[in-house]
Amino acid sequence: MKKSAIYLAILTVFSFIGFYSCGGASSNSPGKAVITLYEKMKSQDFEKVAKMYVKKDGEQLSEDEAKKIEGLIGMGSKEYEKKGGLDTITINEEKISEDGSSAKVDFTVHYKNGDTDKEHASLIKVNGDWFIQVTNF
């Protein structure tokens with residue numbers, strides 16, 4: 001039960017997080033940003049993954065907040081490994097706001113053991129790049 005609660009918390013964080021493209025990753029669309037996020041997760045570079053998140057208003061996370069995200073991502077990675085690890089991401093739907101400043105992406109996470117999870121992310125465009133929004137900071 002405790003593991004389920006941790007896993008649910010991790011999924012919730014991922015669902016409400018906005019992606020910030022950094023470290024040379026160009027994200028011309030919200031869907032590409034989500035795919036890039038999961039590619040960085042697969043490589044277990046949690047520090048770079050944490051830099052891909054911003055607060056709901058587009059403000060960068062504080063150092064403490066980024067460390068919390070890194071820890072949650074690390075726990076999530078362990079849960080993903082129980083499913084054989086992350087395999088691919090399929091973008092199901094991408095909705096960009098009329099003004100082009102925010103987006104919602106529905107996607108499916110495919111695991112190497114054949115399992116899948118349907119996910120959702122809210123993104124915001126900051127300085128031309130898409131970031132996943134964290135709504136609970």
Of all heavy-atom pairs between [X] and [Y], which one has the smallest distance, and what is that distance?
| X | Y | result |
| --- | --- | --- |
| Ala50 | Ala66 | CB-O, 3.6 Å |
| Glu119 | Tyr38 | CG-OH, 4.5 Å |
| Lys40 | Ser43 | O-OG, 2.8 Å |
| Asn113 | Lys82 | ND2-O, 4.4 Å |
| Val105 | Gly31 | CG2-N, 4.1 Å |
| Ala33 | Trp130 | CB-CB, 3.8 Å |

Thinking salt bridges, do [X] and [Y] make one under a 4.0 Å N-O criterion?
| X | Y | result |
| --- | --- | --- |
| Glu47 | Lys51 | yes |
| Lys42 | Asp87 | no |
| Glu94 | Lys104 | no |

From Tyr80 OH over to Gln44 CD, what is the distance, rounded to the nearest 0.5 angstrom?
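Between atom OH of Tyr80 and atom CD of Gln44 there are 12.0 Å.
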
Quick one: pull up CD1 in Ile124 and OG in Ser101 and give me the separation to the nearest 0.5 Å.
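Going from the CD1 atom of Ile124 to the OG atom of Ser101 covers 6.5 Å.
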
Between Thr116 (side chain) and His110 (backbone), is there a donor-acceptor pair under 3.5 Å?
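Not at all, since once roles are kept as given, no pair shorter than 3.5 Å links the two residues.
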
Is a side-chain donor or acceptor of Ser77 paired with a backbone partner of Ile73 at a separation under 3.5 angstrom?
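Side chain of Ser77 to backbone of Ile73: no pair is present.
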
Run the numbers on Asp117 and Lys83 for salt bridge (charged side-chain N to carboxylate O under 4.0 Å, His left out), then give the verdict.
CA-CA 11 Å; Asp117 284 325; Lys83 295 183 178 188; 3.2 Å; yes

Side chains of Thr108 and Asn92: do they bring a donor and an acceptor to under 3.5 Å?
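Yes - a donor-acceptor pair under 3.5 Å links their side chains.
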
Please determine whether the number of non-hydrogen atoms from other residues, nucleotides or ligands lying under 6.0 Å from atom CG of Asp57 exceeds 12.
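Yes.
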
Check whether any side-chain heavy atom of [X] lies under 4.5 Å from a side-chain heavy atom of [Y], and answer yes or no.
| X | Y | result |
| --- | --- | --- |
| Lys55 | Leu61 | yes |
| Glu65 | Ile69 | no |
| Ile96 | Pro30 | yes |
| Phe107 | Thr90 | no |

Applying side-chain hydrogen bond (donor to acceptor under 3.5 Å, both in side chains) to Ser97 and Asp99, what does each step give before you reach the verdict?
CA-CA 5 Å; Ser97 65; Asp99 67 2; 2.7 Å; yes

